[in-house]
Amino acid sequence: MKRIYYFSAGIALGAVATRRTRRAKEAARAALAAKLTPSAIAADVADAIAELGNALGSFAADVRQGAANRRAAYRPMIDNATGAVALLAADQVGPTPPIGADGNEVIVASDRIDADGAPVRGRRSA
């Protein structure tokens, strides 16, 4: 009687295992078939392109930050060595000169200096 019990239990477990394996195999085939459709492939390619764009943007931001850090490190050396070059941020620069209708800078009479270094008196020129 014991042998019949173990024999039938083995057959039942074998049948259950076979059915489960077959179902898992069919599910894997269905998932693979769903991944190989043109729309799924296009979605995968679009995701890959988006990831590449994000990576390139991040890389460009890192490069810009590194360049700014390098300029900040060199600024004291240049300023102390020559005194001629000063790298200023946009908010540290003075006001821009007025631009005339022809696109040239408007020169104020007090800004003009003659050969002797004295300011030239006169009217505004545009």
Side-chain angles (χ1 to χ4, degrees):
M1 198 63 181
K2 240 183 190 184
R3 289 183 187 173
I4 294 174
Y5 172 74
Y6 285 118
F7 181 72
S8 61
I11 290 175
L13 286 175
V16 169
T18 303
R19 288 181 84 181
R20 279 199 168 185
T21 304
R22 189 180 328 127
R23 283 185 186 162
K25 197 163 135 180
E26 288 172 1
R29 276 191 192 146
L32 181 63
K35 276 189 137 182
L36 294 179
T37 62
S39 60
I41 293 172
D44 288 344
V45 169
D47 290 343
I49 290 172
E51 286 181 28
L52 178 65
N54 291 337
L56 287 175
S58 175
F59 175 72
D62 290 345
V63 168
R64 281 191 296 272
Q65 184 62 40
N69 291 344
R70 180 171 285 172
R71 278 194 303 269
Y74 287 150
R75 182 178 294 164
M77 290 187 292
I78 293 171
D79 289 345
N80 293 337
T82 64
V85 177
L87 301 174
L88 300 174
D91 59 344
Q92 295 174 339
V93 177
T96 58
I99 304 296
D102 58 354
N104 293 328
E105 180 180 331
V106 175
I107 299 173
V108 179
S110 63
D111 292 343
R112 292 185 290 162
I113 298 175
D114 64 4
D116 297 328
V120 175
R121 307 273 181 217
R123 298 174 37 197
R124 283 186 140 185
S125 62

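Along the sequence shown, residues carry numbers from 1.
- In plain terms, the two heavy atoms of Ala40 and Ala34 that are nearest each other are CB-O, 3.4 Å.
- Arg22 pairs by the side chain to side chain contact (heavy atoms under 4.5 Å, CB included) definition with Thr18, Glu26, not counting sequence neighbours.
- A side chain to side chain donor-acceptor pair (under 3.5 Å) check over residues 41-70, counting only residues at least two apart or in different chains, returns the pairs Gln65-Asn69.
- Between Leu36 and Ile41, the shortest heavy-atom distance links the atoms O-CD1, 3.9 Å.
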